[in-house]
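One-based numbering along the sequence shown.
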Amino acid sequence: MSLTGTPFLYTTVVLSVVALILPLVLWSRMRGPKAVLAAARVLMLLFAQATAVTLIFVLVNNQNNLYDNWADLLGTGNHVQQAANLGQDGTGGIALKRLPKVKQAFTAADGPGMRAAGGVEVTQLKGRVSGVNAEVYVWLPPQYHEAKYRNHRFPVVELLPGYPGSAKAWFGSLKVTEQLEPLMRSGRVAPFILVAPRTNLLAGVDTGCANIPGTVNADSWLSIDVPKMVTDNFRAAAAPANWAVAGYSAGAHCAVKLAVAHPDRYRAAISLSGYNDPIGERNSLAAQSVALREQNNPYLLLRKAAAPPRIALYISGESGDGYQAGVALEQIAKAPTTVHVVYLPRSAGGHNMALWRPQVPTVFEWLTVNMGQSHVRAGTTPLEPSSAGSTHAALASGSASRAGAVRKR
């Protein structure tokens, strides 16, 4: 039984109710030696406490999509078949354009939010370059099946969760499809294909979206294998002009790093409460040495780039949680690189889904404009933050001001 979804939640609710009723009914009715009675009563209390703790865990996990299955929770899952040294570009010298197309089998995905807005599909992908074997979730925009779009190739956004985090989180906790489907139908947001690959590839550690020979090739999994699968199986436009990557927390770090490192694969990136130095997530494999930290720090990659990459970055965060990282990138960016930083006040909520969820419409309107998918500027994302304060409406529009936020603390 999956850790997420209704069946396991209902099971824990029933067990919690039973655990509460048992001592009320049996406490004074049990007969036998005192030692046996004492042991039985202790067991009932422990059972009640265990089910209560389990229920709280399930509720929190369903809300935040931290662990998708038992292997993730227990730290026994391993989705890496091999991790060869793939070189600086992560291809291992493989001519990607010559790789034959592989038709994937997709099924309807289960879990919170996975059936909303037309439903999400899932496939098990064996990465031919990275050596990763893991699931990938795909959602198609409402226009995809319309007759007038039958020859249209759609732009794509890869969605990355934090750590720990499930690939389902954007669909469940952030309600991305429920929020975007009406905006896509109205034309405010471009009809993006949404792709959410597994990022939790090794037990008990965050890959940092890095290629580490002999350990994991997470970068190549996300930037080569997953995009190749999408273009093989769907009417998806080729990278980089029509591809973007978005993430929150550790996924935000990965999103910016992937875009800065691979402007030949992505045009834009969204960072919600991210960081530049991989040490921001101490369980990150990319933080295990100075060399790895430097190789996977988007600030250093951008500063050392031979030529400014043609990418657009949207970075939002609170003071000490994403904002300074965005400002640092903004200060060193040179055309054609663009960096748009949005300051969020501490009163907005913190490092959680409640902060990130209302930003979803805004960041996709920004993507629509900055990826050339619309000729109409998204009026809800001003270049200069206003003094709208810290309301959810201000967060959703990217208009919360630093000055206004300081006054509200």
For this session: Please check if the side chain of Gln373 supplies one atom and the backbone of Val369 the other of a donor-acceptor pair under 3.5 Å.
Result: no
For this session: Enumerate the residue pairs fulfilling salt bridge (charged side-chain N to carboxylate O under 4.0 Å, His left out) with a member in residues 17-37, sequence neighbours excluded, ordered by first and then second residue.
Result: none
For this session: Would you check if the side chain of Tyr144 reaches a backbone N or O of Arg235 as a donor-acceptor pair within less than 3.5 Å?
Result: yes
Problem set entry | Leu159 CG to Thr199 OG1 distance, which is reported to the nearest 0.5 Å | 11.0 Å
Seminar exercise, completed: Sorted by chain and number, sequence neighbours left out, salt bridge (Lys or Arg N to Asp or Glu O under 4.0 Å) with Asp232 holds for Arg128, Lys228
For this session: Ignoring hydrogens and angles, tell me if any N or O in the side chain of Thr123 forms a donor-acceptor pair with the backbone of Ala105 under 3.5 Å.
Result: yes
Problem set entry | Pairs where residues 274-295 contributes a residue and the test salt bridge (charged side-chain N to carboxylate O under 4.0 Å, His left out) is met, not counting sequence neighbours | Asp277-Arg293
Problem set entry | Set of residues satisfying side chain to side chain contact (heavy atoms under 4.5 Å, CB included) with respect to Ala237, sequence neighbours excluded | Arg153, Asn242
For this session: Report yes or no: does Lys257 contribute a side-chain atom to a donor-acceptor pair with the main-chain N or O of Cys209 at less than 3.5 Å?
Result: yes
Problem set entry | Sidechain-backbone polar pair: Thr231 side chain, Ala236 backbone, donor-acceptor under 3.5 Å | no
Exercise. Would a 4.5 Å heavy-atom cut-off, applied to side chains only, mark Val327 and Gln331 as touching?
Worked result: yes
Seminar exercise, completed: Applying side chain to side chain contact (heavy atoms under 4.5 Å, CB included) to Ala250 and not counting sequence neighbours gives Tyr163, Asp206, Tyr275
Exercise. Looking at residues at least two apart in the chain, or sitting in another chain, which of them share a salt bridge (Lys or Arg N to Asp or Glu O under 4.0 Å) with Glu121?
Worked result: none
Exercise. So, do Gln179 and Pro361 sit near enough that their side-chain heavy atoms are less than 4.5 Å apart?
Worked result: yes
Problem set entry | side chain to side chain contact (heavy atoms under 4.5 Å, CB included) partners of Arg265, counting only residues at least two apart | Asp89, Thr91, Asp219, Ser223, Ile224, His262
For this session: With sequence neighbours excluded, tell me which residues meet salt bridge (Lys or Arg N to Asp or Glu O under 4.0 Å) with Arg115.
Result: Asp110
Exercise. Can Gln359 and Tyr248 be counted as having a side-chain donor-acceptor contact under 3.5 angstrom?
Worked result: no
Exercise. Which residue pairs pass the salt bridge (charged side-chain N to carboxylate O under 4.0 Å, His left out) test when at least one of the two sits in residues 320-332, sequence neighbours left out?
Worked result: none
Exercise. Do Tyr314 and Val342 touch side chain to side chain, with heavy atoms closer than 4.5 Å?
Worked result: yes
For this session: Could you pull out all residues at least two apart from Arg41 that satisfy salt bridge (Lys or Arg N to Asp or Glu O under 4.0 Å)?
Result: none
For this session: Count the heavy atoms of every other residue, nucleotide or ligand shown that sit under 6.0 Å from NZ of Lys101, and state whether that count exceeds 12.
Result: no
Exercise. For residues 172-185, which residue pairs qualify under salt bridge (charged side-chain N to carboxylate O under 4.0 Å, His left out), counting only residues two or more places apart or in two chains?
Worked result: Glu181-Arg185
Problem set entry | CZ on Phe154 to CG on Leu194, rounded to 0.5 Å | 12.0 Å
Problem set entry | Non-hydrogen side-chain atoms of Tyr266 and Ile311 separated by less than 4.5 Å | no
Problem set entry | Partner set under side chain to side chain contact (heavy atoms under 4.5 Å, CB included) for Leu86, not counting sequence neighbours | Ala84, Val129, Asn211, Asn217, Ser220
